[in-house]
Amino acid sequence: MEKTYDPRSIETKWYKIWEERGCFAPSGKGEPYCIMIPPPNVTGTLHMGHAFQDTIMDALIRYHRMKGDNTLWQPGTDHAGIATQMVVERQLNAEGVSRHDLSRDDFVRRVWEWKEKSGGTITNQLRRMGASVDWQRERFTMDEGLSTAVREMFVRLHQQGLIYRGKRLVNWDPTLHTAVSDLEVENRVQAGHIWHLRYPFADGVGHVTVATTRPETMLGDTAVAVHPDDKRYADLIGKEVILPLTGRSIPVIADEYVDPEFGSGCVKITPAHDFNDYAVGQRHALPMINIFTIDAKINESGPEKYRGMDRFDARKAVVSDLEAQGLLEKIESHKASIPYGDRSGVIIEPFLTDQWFVRAGPLAEPAIEAVRAGRIRFIPGNWTKTYYEWLENIQDWCISRQIWWGHRIPAWYDDAGHVYVGHSEHEVRESHGLGPDVPLRQDEDVLDTWFSSALWPFSTLGWPNDTDALKTFYPTSVLVTGFDIIFFWVARMIMAGLHLMDGQVPFHEVYIHGLVRDQDGNKMSKSKGNVLDPIDLIDGIDLESLLQKRTTGLMQPHLAPSIEKATRRQFPDGIKAYGTDALRFTFAALATTGRDIIFDMGRIEGYRNFCNKLWNAARYVLMNTEHQDTGLNPADAVELSLPDRWILSRLEATTQSLNSAIEGYRFDQAAQAIYEFTWNEYCDWYLELSKPVLNDSRSSDAEKRGTRRTLVRVLESNLRLCHPFMPYVTEEIWQRIGPLAGTAGDTIMHQPYPQMGETESDAIAIAEMDWTKNFIMGVRRIRAEMDISPGKQLPLLLQGGTDADRERLERNRRYVEFLARPESITWLRDGDVAPESATALVGDLKILIPMAGLIDKEAEIVRLTKEIGKKQTDVDKGEGKLANESFVAKAPAAVVEKERARVAELKAAVDQLNSQLEKIRAL
RNA sequence: GGGCGAUUAGCUCAGUGGGAGAGCACUGCCUUCACACGGCAGGGGUCGCUGGUUCAAAUCCAGCAUCGCCCACCA
């Protein structure tokens with residue numbers, strides 16, 4: 001093995017082997033365990049959120065696979081309608097063409113081409129992450145099977161009256177020229193204005209003043225509303241006002257929607273351009289005048305002067321014209337929330353159009369019930385509140401989109417405007433008796449991307465066919481996803497799953513993880529120039545390439561210099577190659593329940609070092625065990641040393657921690673348990689303690705065999721424990737170590753995950769090992785604090801202590817001699833006078849190191865005083881507690897007893913140290 | 001307006017009723033035959049604030065402050 005761990009050389013090698021050998025496919029045996037990957041955009045690239053999510057899923061998948069479950073991780077990608085269409089349109093624009101210059105078919109063909117070309121990027125990046133998905137089963141939301149599922153769902157829901165078509169006010173994107181759902185609208189609070197406008201009465205006397213944030217929409221007003229109980233305006237109700245600039249006469253109506261306290265208490269009503277006004281308009285049967293084109297320019301319903309004007313130009317024109325006529329009373333500053341399209345970034349316009357909708361209410365009820373009844377569990381649990389709140393107030397879902405890339409709506413129209421819904425035109429003609437002479441045209445619209453995503457847990461398994469996969473893996477085990485798509489996706493999968501799969505939930509658990517943020521807690525985004533590419537953390541990247549990546553293709557190119565500056569400051573030497581395992585381990589360690597994670601470069605560096613530590617531990621083990629007797633022959637006697645028994649006990653405890661941490665989705669705790677065991681116990685103590693056994697010619701063969709066997713066995717088990725988090729380095733090492741432990745196989749992936757009870761927990765060994773460690777640490781502390789070089793051999797004098805201490809020392813003398821490096825160890829007898837010494841305590845046992853020529857008197861006084869001070873503080877606290885009668889009377893006996901014992905022990909130590917201090921002072 | 005969450009060492013975070021913890025960073029010593037991506041030792045925190053419950057509060061309750069996120073039609 002190389003001296004330094006080099007991830008690059010092992011990662012691609014192993015992934016290829018695993019994939020080629022079909023290691024990722026379900027075994028067909030055991031309990032089914034299934035995770036559906038949240039399908040990334042097929043044309044997308046891997047970002048930190050994916051990498052985080054994939055790490056968690058892969059850890060769960062590998063853990064369950066090793067546990068012997070019939071494990072499926074279902075991969076696939078999403079066609080991501082609007083997002084993908086936008087990308088291709090941008091490419092066309094760069095060529096100077098618009099999609100409207102192409103036919104629809106040509107455009108869609110072009111998108112498919114782009115999909116074929118770029119579709120491998122994200123799946124290959126997924127491979128770099130080590131994701132053990134079953135590629136044989138890979139699906140795409142627009143492939144044939146899934147499209148069939150989409151049509152099936154549409155037809156069924158339509159038959160059941162749960163999908164309908166109608167003219168409604170929807171969120172309209174004026175640049176994309178499509179409706180979007182409520183969820184795709186992002187409200188941003190912005191500073192703006194309120195304009196107070198005067199509408200003159202038709203009878204020629206006076207005016208009412210209305211307040212609005214959208215003066216241009218006044219061209220489509222069809223009423224003015226006041227509150228029915230507002231005494232100020234009671235006599236106005238029923239009167240007519242003249243709508244300025246248009247000359248139209250519109251009524252003053254009464255509606256409870258109006259808040260008399262706000263503004264003037266009079267509201268202009270524009271039913272075709274405001275959601276509230278729409279509702280008022282419906283209640284009062286007001287005309288709905290649409291004044292916008294699909295580009296949000298004034299259409300022919302507006303006065304001639306404004307036609308063709310963009311909505312913002314129209315606003316200026318309307319305001320200045322009203323002002324000229326003395327109809328602008330005042331302008332106030334105002335903060336309002338403005339709706340933006342989450343994809344296009346432009347202001348969304350409420351717009352009256354024909355659209356398809358899903359009646360969400362009836363689907364929401366069972367979805368709420370399933371979570372309430374505990375059939376689906378959210379982790380962490382507080383997300384249920386968010387989930388309930390949304391579903392309890394759910395609005396009908398607008399599912400039609402006026403774009404070209406997506407599942408075409410399976411509805412056909414005849415010339416008379418009748419609509420027929422079916423799986424195909426053929427089926428529609430047959431079932432409705434429409435001959436070939438009847439012209440039918442299919443609805444031009446496509447479905448919201450999330451419509452097909454909602455079916456993902458069962459469409460990927462073959463639904464609507466009753467496949468074996470569907471029977472085996474549905475309901476799936478757990479969904480791993482971010483909170484940002486609980487509404488978009490999670491809730492809709494639950495609704496669709498319960499409805500179409502006979503009331504069966506799509507997954508039993510939902511693990512919600514946080515967002516990955518940059519080192520300052522900011523969201524990573526291209527425009528902020530703070531994006532980290534997981535692949536760059538794996539492979540490393542030089543500064544120039546990183547700058548290039550971060551500053552090209554910016555929406556706002558003027559930000560480039562500041563991005564460059566910040567990048568140069570943070571990564572003066574670019575980014576080092578940390579490898580997949582280190583990246584994955586970092587994500588696991590940061591995956592605490594339900595909060596965002598701040599990605600810290602220090603962490604990944606630390607965990608890369610951890611990989612190196614594991615690597616070098618393996619090197620040491622191999623050097624001492626390869627081609628040697630590791631106790632595989634059961635006929636040979638094997639004797640386990642104290643450190644052997646101790647590390648096996650610690651392994652057992654670690655195994656227990658890991659199993660329960662993973663079962664409880666506490667990947668941070670799992671990572672910590674692995675780290676501590678490997679580094680602080682196995683490497684820092686056990687490997688060191690194996691040296692005196694293996695290198696001592698006095699050790700028996702049985703002892704050496706026992707130690708070699710324990711070295712390889714514990715490492716081998718530890719590799720299996722670590723494998724779900726660090727698949728590559730563990731596989732690479734395991735291939736060498738496995739045979740020495742007698743557990744060879746094709747791959748560590750298919751080895752059993754260590755289970756509790758496989759090794760014995762030996763409390764006596766743990767206690768004795770603690771004693772030994774304390775002894776060694778006591779000597780080390782004196783050395784370090786007295787500036788005695790670690791190599792310098794010291795005479796040790798032992799005083800006090802029990803027979804047990806004597807026995808322990810004799811049993812473990814070789815460890816003490818190896819790690820504490822004494823020149824000699826001498827027990828003082830009662831009455832012996834100790835020379836001036838520095839002191840360490842191991843319980844009642846006093847370790848003395850004579851100061852002659854080595855230790856400065858003043859330094860030892862300082863050291864002892866500090867030590868006593870610390871302990872005395874604890875004694876005082878504890879004695880205070882015990883002096884409190886209420887404590888002694890009311891606290892559980894065990895707690896009181898523990899406190900007594902602790903104080904007694906501390907006190908004894910303080911006394912010992914004090915007498916030592918006195919002795920030294922007296923010198 | 002409603003909901004959720006955060007506030008613990010310089011930084012990133014664990015800890016949810018009984019002795020304040022980890023990693024990184026920092027200090028000192030050490031080129032010891034697995035590893036300097038290392039070893040040994042060490043320094044560092046009135047656990048946001050105020051009250052309450054309790055024998056006992058970082059931990060439970062109430063209030064406050066600051067920061068974040070989500071939802072909501074007040075023109």
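Computed over heavy atoms, backbone and side chain alike; hydrogens, waters and symmetry mates excluded. All chains are named by letter (A, B, ...) in the order of the sequence lines, taking the proteins before the strands, and each is independently numbered beginning at 1.
For A:Val895, whose side chain is taken as the heavy atoms from C-beta onward, the closest listed nucleotide among B:rG18, B:rC40, B:rU12 is B:rG18. The side chain of A:Asp787 lies closest to B:rG28 when the candidates are B:rA34, B:rG28, B:rG2. Side-chain proximity of A:Arg603 to the nucleotides B:rG23, B:rC71, B:rG15 is greatest for B:rG23. The A:Lys613 side chain lies nearest to B:rC35 when the options are B:rA22, B:rC35, B:rG18. Listed nucleotides B:rG18, B:rG19, B:rA34 differ in distance to A:Asp874; the shortest reach to its side chain belongs to B:rG19. If you check B:rA14, B:rG5, B:rA75 against the side chain of A:Asn382, the one that comes closest is B:rG5. Side-chain proximity of A:Ala617 to the nucleotides B:rC70, B:rA14, B:rA34 is greatest for B:rA34. Closest to the side chain of A:Asn276, out of B:rA34, B:rU12, B:rC73, is B:rC73.
Here A:Arg902 does not pair with A:Glu905 in a salt bridge; the nearest charged N to carboxylate O distance is not below 4.0 Å.
When heavy atoms are screened at a 4.0 angstrom cut-off, A:Gln519 is found touching no nucleic acid atom at all. Base engagement by A:Ala891 is indicated by at least one non-hydrogen atom pair under 4.0 Å involving a base atom. Among the atoms of the strands shown, base atoms are found under 4.0 Å from some heavy atom of A:Cys683. At a threshold of 4.0 angstrom between heavy atoms, the contacts of A:Val258 include nucleobase atoms, whether or not backbone atoms are also involved. Across all strands, A:Thr213 comes closer than 4.0 Å only to sugar-phosphate atoms, never to a base (heavy-atom distances). Using a 4.0 Å heavy-atom distance criterion, A:Asp684 is classed as a sugar-phosphate-only contact. A:Lys3 comes within 4.0 angstrom of the backbone, heavy atoms only, and of no base. Residue-level contact check: A:Trp679 touches the backbone only, with heavy atoms under 4.0 Å from sugar-phosphate atoms and none from bases. Residue-level contact check: A:Phe262 touches the bases, meaning some heavy atom is under 4.0 Å from a base atom. Within 4.0 Å (heavy atoms only), A:Lys773 reaches no atom of the nucleic acid at all.
Residue A:Gln395 places no side-chain atom within donor-acceptor reach of the base of B:rA72, judged by atom type and a 3.5 Å distance cut-off alone. Below the 3.5 angstrom threshold, one finds a donor paired with an acceptor across the side chain of A:Arg608 and the base of B:rC37.
Taken to the nearest 0.5 Å, the OH atom of A:Tyr682 stands 9.0 Å off from the OG1 atom of A:Thr710. Rounded to the nearest 0.5 angstrom, A:Thr386 OG1 and A:Phe483 CZ are separated by 10.0 Å.
The CZ-P distance, from A:Arg214 to B:rC73, rounds to 16 Å in whole Å.
Heavy atoms only, all atoms of each residue included: A:Arg783 and A:Ala820 are closest at NH2-O, 2.8 Å. The shortest non-hydrogen separation linking A:Asp668 to A:Ala589 is CB-O, 3.3 Å.
Summarising the base pairing, B:rG5 is matched to B:rC67 through a Watson-Crick or G-U wobble pair whose two defining distances lie under 3.5 Å. Pair check for B:rG17 finds none; no Watson-Crick or G-U wobble contact set falls under 3.5 Å. The partner of B:rG10, taking Watson-Crick or G-U wobble pairs whose two distances both stay under 3.5 Å, is B:rC24. Summarising the base pairing, B:rA58 is matched to no nucleotide, lacking a Watson-Crick or G-U wobble pair whose two defining distances lie under 3.5 Å. When Watson-Crick and G-U wobble pairs are counted only if both distances are under 3.5 Å, B:rG44 pairs with no nucleotide at all.
Between A:Lys385 and A:Lys881, the residue whose closest nucleotide on RNA chain B is further toward the 5' end is A:Lys385. Residue order along RNA chain B, read from the 5' end via each residue's closest nucleotide, puts A:Leu687 first among A:Arg780 and A:Leu687.
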| query | Can A:Tyr278 and A:Thr270 be said to form a side chain to side chain contact (heavy atoms under 4.5 Å, CB included), step by step? | reply | CA-CA 7 Å; A:Tyr278 180 79; A:Thr270 325; over 6 Å; no

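The same atom, P, is picked in B:rG10 and in B:rU46; the two are 8 Å apart, to the nearest Å. Nucleotides B:rA41 and B:rG48, compared at atom P, are 31 Å apart to the nearest Å. Rounded to whole Å, the separation between the P atoms of B:rG44 and B:rG5 comes to 36 Å.
Remark: A:Lys613 is not positioned above the aromatic ring of A:Tyr5, lacking an NZ or CZ atom under 6.0 angstrom from the ring centre and at most 45 degrees off the axis.
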